[in-house]
Every structure is written in C-alpha cells, then in structure tokens.
Amino acid sequence: MDLSTTYLGLSLKNPIVASASPISERVERVKRLEECGAAAVVMYSLFEEQIVHESLELDYYLNRGTESFPEALSYIPDLPDMGRYSVGPEVYLEQIRLLKEAVSIPVIASLNGVSTGGWIKYAQKMEQAGADAIELNIYYLPVDPELTSSELEAAYVQLVRDVRASVSIPLAVKLSPFFTALPHFARSLAEAGADGLVLFNRFYQPDFDLDTLDVVPNLRLSTSDELRLPLRWISLLYGRVNVDFALTTGVHTAQDVLKAMMAGANVAMMTSALLRHSEGHVQQVLSDMTGWMESYEYESIRQMQGSMSQRAIENPAALERTNYIKVLNSFQEVSGGPLPTMNFSLR
Amino acid sequence: MVQRNFEAVDQTLAKLYEVTVPAAVSSNLTRRPTVPTEAPAFVRDVLGAMIAGDGDSIPVSALPIDGTFPSATTQWEKRNISLEIPVWEPDLCIQCGKCAYVCPHAVIRTKVYAPEALEGAPEAFKSTDARFKEFPGMAYTLQIAPEDCTGCTLCVEVCPAKDKSQVGRKAINMAAQPPIREQEACNWNFFLNLPEIDRTALVPNSIKNSQLLQPLFEFSGACAGCGETPYVKLVSQLFGDRSIIANATGCSSIYGGNLPTTPWATNRDGRGPAWSNSLFEDNAEFGLGMRLTLDKQNEYARELVQQFGAELGSDLVNGLLHADQSDDGGIAAQRARVTTLKECLHNVDSPQARDLLSLADTLVKKSVWIIGGDGWAYDIGYGGVDHVIASGRNVNILVLDTEVYSNTGGQASKATPRAAVAKFAADGKATPRKDLGLIAMAYGTVYVARVAMGYSDVQTLNAIREAEAYNGPSLVIAYSHCIAHGINMRKGLDQQKLAVQAGLWPLYRFNPDRLSEGKNPLQLDSKAPSIPIAQYAYNETRYKMLVQSDEQRAAHLLALAQQDVQRQWQHYHQLVDLYEAEVQAQVTAAAAASSNGSPKEQA
C-alpha cells in the first residue's frame, strides 16, 4: 500500500503530520512520534511578542527596587554571567537543531511574528538552524474598527512576500477561517510565494465564568466534528489555488485523514488526538487507514487526493449554500419537532 | 532624515517665546508644611524636621532622653505617593470588609454608626444603610485615606462585588487621586471623628466584623502591596489596645519602627500596642522576657489586691482576681474594676498601695506578640523560637514568611522553597524548606497554624484569634507575598491562593486544647493539591529565571518540589489519622469507664 505524499516539496512516507503542540518541546517525544509513523512534525510556535514581553518582564523584575533602599541594593541575585539568561529565540533554535539531530523526518518550524523585521529575522534564524520548512502562523485578532479587511490582507500578503524573499526553504501559511473572500486571499498568498496553506488555525476561545463573572481561558481539545470546516474549504480551494494544503483541526481517526485526502489535502495534521492518546495513536490511525484502503481496493493516497474536491464530485453545489437548507430539513425529519423560526424565513 | 532634523529645529524656533519674569512674586501658591500645623509639637518640630531631611539641625536635647518615641505618628506624614486611589461605590458594596482586611497600609476603614452622626458631614461624604444583623438601623461608611494610600490595588483585586451591567466596575475601583484629593481628605477627617464601634457589642468572628475594629497599625512605610502588613494590622485590630510586641529585625522592624514616624497607633483612650525591636538572634527571648515580667507583675498585683481586701471590699477583690477576660466585654469590665481600684488606692498612703497603683494595669489581660520574618524564625532566631515555645508560656509568635530575607535583599532562608532562586541559592535552592510548623507541633503543647489570607481570609482570622486565646505558646506562620518573589504585587493574593492550591502551602490549625474536648487537634483547612506547582511557580521571577538560565536544572528541581508537595500532604493526612485514632481511643476508654464505674467506686 502506497501511503506516500508530498507536502511543500518534501517527500513524506504518509500524510500524517504532528501539528504544533507541546509534544515538540521534548526530543524523546518527537522520536517516539517518528517511531510510531508520523511523517513530519511541526514545532510549537515561536512567538516574537512573547520573546519581547519575556525579556522586558525579566528585566523589570530583576531590577525592581534596586538601589532604592539602603539595606538592600537588589532583591534578586545577579547571575555570574547575566548573558546566561536565554529569553531570546535561542532555546527554540537549539530545539530545531536537537530535533534535526534526533529524527530523520522533516521538522517544520512555526513562527508568529509582530513586526516585519521580526518575521524575517526569526525566519532566517530558523532556516540556519536547519528547519526543513517554515509555517507562518498568522495568529492575530483584528479588533480595531479602523482597520479594513483589505488593509489586513495586503499586510499579510506583503509579509509572505518579505519572508519568501529572505529564506529559501519552503513556506506554509496557517490561516484562521475568518476571511471574507478566502479563495481570493488564498490565491494572493500563493502568488506572494506561499508553498502551502494550513487550514485552519483553531483559536482557543475564552469562556465566561458565571460564578466569578471573569473571562477565563478554556482549553478544549478538538473533536472530529470540527473537521468539516477545513474539509469543506480544502474541497473548494483544491485545483483553484496552486498550493499544497494541510488540513488541521478535527483530525482524530483514519476516516478523518482519508476525508482530508479526498478533499485535496496533501497532509492531515494532528494535535488534540496526540495530546489525548499520545504518540502511539499515529500507529493505530495508519493501520486503520491501510485496512480501509485495502477493503475498498485503493492503491495509494495519491489516487484519492482531491477525489472529492468540488471539481471532482458529481454535485458541486453540495458544498455550497444550498446544503444549508438540506441540513435544516434533515433536522426536522430527525427531531420531528418544530423548526427554528430562522428556517421559516429561509424558505 | 537630515531634512527632518532641520524641520524639527525650525519648528522649535518658531514656537519659542520669551517668558517675562515678574519683578515680584505674585503667586499665592506655597508649599505645604511637612507636617500639618495641628500636629503635636514633638511631631511638628522634631519629626517634621527629620521628614524634611533637616535632621542634622535638630539639637540632641530635643530627642527623647530614653529613646522612647511616641507612637501613632505616621498619620501626620501624608506622603501622597499614589496617583490613583480606590473609590467606594456604596450601591454595589456588600459590606464584606475584604478590601479593608487586605489593605497593607490600613487606608481603607469601615464604620457602623448612628445616622444622626452624619450631621455636618461634607457634601461628598458617602454613607449607606449598614447591613449588619447586630446593628439594625445604623449607617455604614467605607472611607479611604487619600493621602496615605500607596495605590497597590489589592483592594480592587479582592473585591467580590461586580456591577451586573458592567462587570469591570466593582464596589471599589481605582480613580485618579489629584482631582479628589482635597475632597476625600476632608471626608477622611470627618470619618475619623465618627464614633468607633463599641467593641463589647461585637464578636469579630467574621471578616466584616473584624474590619469595624480600629487598626492600631497604620500607614507604614512597607512596600505598596506588602504581603506582611495585613496580618500585622489584623493583630492590632483584634488585640492592639492591650498588646505588647517584641519585633525581630527585618522588614517588620523597619516599617514598624523606622524613624521618623511610627505606624503603631493608639485609640481614643490612648491605648495601643507597646512595641520594641530587638535583634535577629534574641527576639523570641526578648518577647518571653516581656511575658515573664508581666506574669511576675500580675502575680505581685494579685497578692497586693488580696492584702487590701478590707479596703477594697470582697466584690471588687473577687472581680479583680477571678475576672473572665476571654472577650472584649470581659476586658472592659476588668478595666472598669482597675479604675475603681485605683480610685480606692488614692486615699491609701503606703508603699504597698503605691506598688499596687503602679501595677494595677497588669491585672488586665495582656497579649504578648513576638513578630518577625522567616530569616528570624527559621534561621538566626530559631534556637530562641524553639526555647520559647518549649517554655509553655503564653506568648503568640507571628512569622511573616516571605520565604526569603526580604529586608536585606532576598537571601535564601531555611524557608526558601526548593527550586526558587535567591541570593546564596542563585542556581535554585536544592533542598526543601524547613517545616517549622511540624517541628512546633511535635511538642503537642503549642498552638500552631499555617495561614494565607489570599486563600482563606476566615481561616487566617480564626487562627489568629485561637492563637491568642490559647493559654500557652502559639505559632502562626503566615504566607506573605513579597517583591523579592519577582511578582506583580497586585496579584499577590492570587499567588497565595495558587500556593495553597498547588499544595506548597497547606493550611492547618493545630490546637492542643481540642484533644481534651475529645476533638482532633489537627484540622487541615485546605484541600489536597489540585494544580501543578508550575502553575504557581512560573508566575514568579524567582522560579522562572532558573528556567531561563538553566532549564534542565529548573525542571529537575521543580520535579523534586512536586514530589515534596505530595509527600508533605500524605504526611499531614497521616497525622490527622493518628490524632483521630487517639481521640477515638479516648472516647472508647471514657465510655468503658462510665459503664464500669470509676476505679475508685470499684475499689
């Protein structure tokens, strides 16, 4: 059975890639991932904002109160060599080196910058450290009403162009689903030099605590249900935008991976499933995939890639708006209850 | 770039204009006097000169001849150091008292008073109906001292009452100080003149009740957001009018008795803590000496009271000798008897009468407190602490545990936790902290409590009241967040809570008296560790800096610290079980004895 695929010009033995998560902070866990069959690993993200914030914060707390009181000139000890503090990207870059030494599967670095200079500087350092590719993680929530979508999109495109011009390794861009005209924007990114698009970034949405009336972080792992949003969009974009696609969010089972391939993805990325079931889960999914492919007499992954994209299916409209009414009708049939009033207005 | 520089110069020149200096000063703005003119003469002339930085001009003859300085003098300093101060919203306030409780500088006060007392109140003075079941029909005010606040915001952090239409607005919120300074200073003065609560009508068994008691420790020079001073202030509220304090060297001795002003204060009756500072190495013994002196004076006074039985009458003698002084009502009654005693003795001319006159006040129960930090209690003064708790004498030891020598700049003490960085432990402390409470508990005769008001304010209040009530040595170890932890001080109470949740700071009370009541003497007041210690530790620079300088060692030490936590929790649990078995054995033995009759009866 041929499970091989390509992604960003890299030849992969199968389409399962471990997505950015704390697993990549530990070399031994990445080795285990490789042993269990993962075809590549995306490292946790390097956040430029965090680096800047941490170094400012460390400086503030190390020096607060110094030289202000006659009995104590400082409150935190000086280390023999203050340069020993590693608050810059060094730890991250060292981790790239360590991972590259430890495993033979491709290691994709992940970067979230805030300034053009930062994006370029860190991307170059990642390349020098040996990363096989870079995933630009555009994790930014625009809340300024003065900022238009076209301005924001133009800035992203320029960013990809700038980074593209400064490194020679492949570039992927990880996007959120919240773009007004995604196909056009995706094409602009491809033209600016992106080799692949990762759909979609899964934002951790904060929650409200009704007892304390606080906004609280709420980390929930994904479920297979969440697969459908990126599945639909990759189906729609496949063949229309000339880049590789990575499907991320909601990839838990062999079925999820197979669907991703049929939609047109080059790889399927896993995070929640690995955090929940640990690295050995990859082995299980690969085995289930092979079993399914044998049962249905598929020969290779390539054979199915894009086979259920919008261009390939019998009824392309199934992936568009009309589908919505069908779903609501099916809800009525199943539940037998009254439909929400919204549905009435749709008719 | 060069062109823009030229433009900047040109624009500057274009906006330059000449200011004509008038021939004579026309402004009527003057600098305020260093201390208000209504301050007592000594404060104005001597302390005021020191505050103004003019101490060298003070003649030696102006200084107290025996080194005794008047207390309650920080109130005259008015440092005005905060640009923002809290503002009270009566419509949202639930009158829980938490803001006043945690205020490190006693600038938030609450009073319950008769509505008639509002007559003549400044226009901006806020008041609402009191929500105290003990005081129906009374009015309530929460007032901030605008010129003494340090702007730490702990009050806002702890406030639980939020506006239902705008949850960011609480019952107390920070606002710019300059526009409201004069108005609030005026309100503060009016507030101070409102009557204090009648202590005999109040049981301070809740936070809100405890905060109606006047703090006798105020406006110290401690850091903004200090984690130590709220405990000190609470002691002063509960027992300050009859307490004698021995203070070890350290932060608490500096903010407690630093020239020129003294935060230890007096109430309207002129009563307040008597305070003195001794050395690191002898403070516990210093306090024990105070106890022994008081006990001896009390013993002699009682002898003399009996000698004067005929002149005083049996009612007064019995009252003086057998008074129940377990609450403020009993204390007030005894003070009244002592007043009567003194009146009776004024007509008697004998050496004994003069002795009794000078000792009469020792017939009122005194509360001896021995206060210091962990550098004192765990390290340099540890031998003395051990000696004193082994003496069995009735003293109360309050350890303000910042887990580091704070005053001298963050040196490691034996209270410094494993994995934290401190001076002399710059690569992270390799060994776990000493469990001082467990050592004291081993005597079986010492009241021991471990408290953290950020996790449980009520447990702290209960522990301090029980410690004082216990007729023997008491040791209260209080988690005190500190700038030496490298934290955002407004989150100090949150860190206290996380320390307890992580199991690093389990709360308990060990009360030997409970055993004789057939109850388990050891009560665990916090739950089993529920979060990883990293969730607490990595909010603090003292832990985090090790990750940034030596990640592997940080991970290794943190893993060991995590094991310490589990081991400690198991240990305490087993102790509870052991005491429970002892209690059950007692109950069984007592039941057997009562069903069989006493041995004497059998004989």
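In what follows, chains carry the letters A, B, and so on, assigned in the order in which the sequence lines appear, proteins first and then strands, with residues in each chain numbered from 1.
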Peer 1: Which of these, B/Ile487, B/Ile483, B/Asn488, sits in a side-chain contact (heavy atoms from CB on, under 4.5 Å) with A/Tyr61?
Peer 2: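 Of the listed residues B/Ile487, B/Ile483, B/Asn488, the side-chain contact (heavy atoms from CB on, under 4.5 Å) partner of A/Tyr61 is B/Asn488.
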Peer 1: Given the rule in the side-chain contact (heavy atoms from CB on, under 4.5 Å) test, do B/Val404 and A/Tyr75 qualify, once you have shown the distances and angles that lead to the verdict?
Peer 2: CA-CA 10 Å; B/Val404 77; A/Tyr75 291 90; over 6 Å; no
Peer 1: Can you tell me if B/His556 has over 12 outside heavy atoms packed within less than 6.0 Å of its NE2?
Peer 2: no
Peer 1: Compare every heavy atom of A/Ile76 with every heavy atom of B/Gly486, then report the nearest pair and how far apart it is.
Peer 2: N-CD1, 4.3 Å
Peer 1: How about A/Glu28: does its CD atom have over 12 heavy atoms from other parts shown lying under 6.0 Å from it?
Peer 2: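 Yes, CD of A/Glu28 has more than 12 neighbouring heavy atoms, counting only those of other groups under 6.0 Å.
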Peer 1: Counting only heavy atoms not in B/Tyr538, do more than 12 sit closer than 6.0 Å to its OH atom?
Peer 2: yes
Peer 1: Would you mind telling me which of A/Thr66, A/Leu73, A/Asp214 has the largest number of heavy-atom pairs within less than 4.5 Å of chain B?
Peer 2: A/Asp214
Peer 1: When you look at NZ of A/Lys125, are more than 12 heavy atoms from neighbouring residues, nucleotides or ligands closer to it than 6.0 Å?
Peer 2: no
Peer 1: So for atom CG, which belongs to B/Asp56, do other residues, nucleotides or ligands contribute more than 12 heavy atoms lying within a distance under 6.0 Å?
Peer 2: no
Peer 1: So for atom CZ, which belongs to A/Arg26, do other residues, nucleotides or ligands contribute more than 12 heavy atoms lying within a distance under 6.0 Å?
Peer 2: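 Incorrect, the count does not exceed 12.
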Peer 1: Which distance, rounded to the nearest 0.5 Å, do you find between the CG of A/Leu62 and the CE of B/Met545?
Peer 2: 5.0 Å
Peer 1: Are A/Pro77 and B/Gln411 close enough that some pair of their side-chain heavy atoms sits under 4.5 Å apart?
Peer 2: no
Peer 1: Against chain B, label A/Tyr60 side chain, backbone, both or neither, depending on which of its atoms sit under 4.5 Å from a heavy atom there.
Peer 2: neither
Peer 1: Under 4.5 Å heavy-atom distance to chain A, tell me which part of B/Ala422 shows up: side chain, backbone, both or neither.
Peer 2: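 Backbone only.
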Peer 1: Should we count CZ of A/Phe208 as having more than 12 external heavy atoms under 6.0 Å?
Peer 2: no
Peer 1: Counting C-beta onward and ignoring hydrogens, is there a side-chain heavy-atom pair between B/Glu551 and A/Glu94 closer than 4.5 Å?
Peer 2: no
Peer 1: Between the side chains of B/Lys544 and A/Glu57, is the shortest nitrogen-to-carboxylate-oxygen separation below 4.0 Å, so that they form an ion pair?
Peer 2: yes
Peer 1: How long is the gap from CD on A/Glu71 to CG on B/Asn407, to the nearest 0.5 Å?
Peer 2: 4.5 Å
Peer 1: When only heavy atoms count and the cut-off is under 4.5 Å, which of residues 160-172 of chain B reach chain A?
Peer 2: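 Near chain A, by residue number: B/Lys162, B/Val167.
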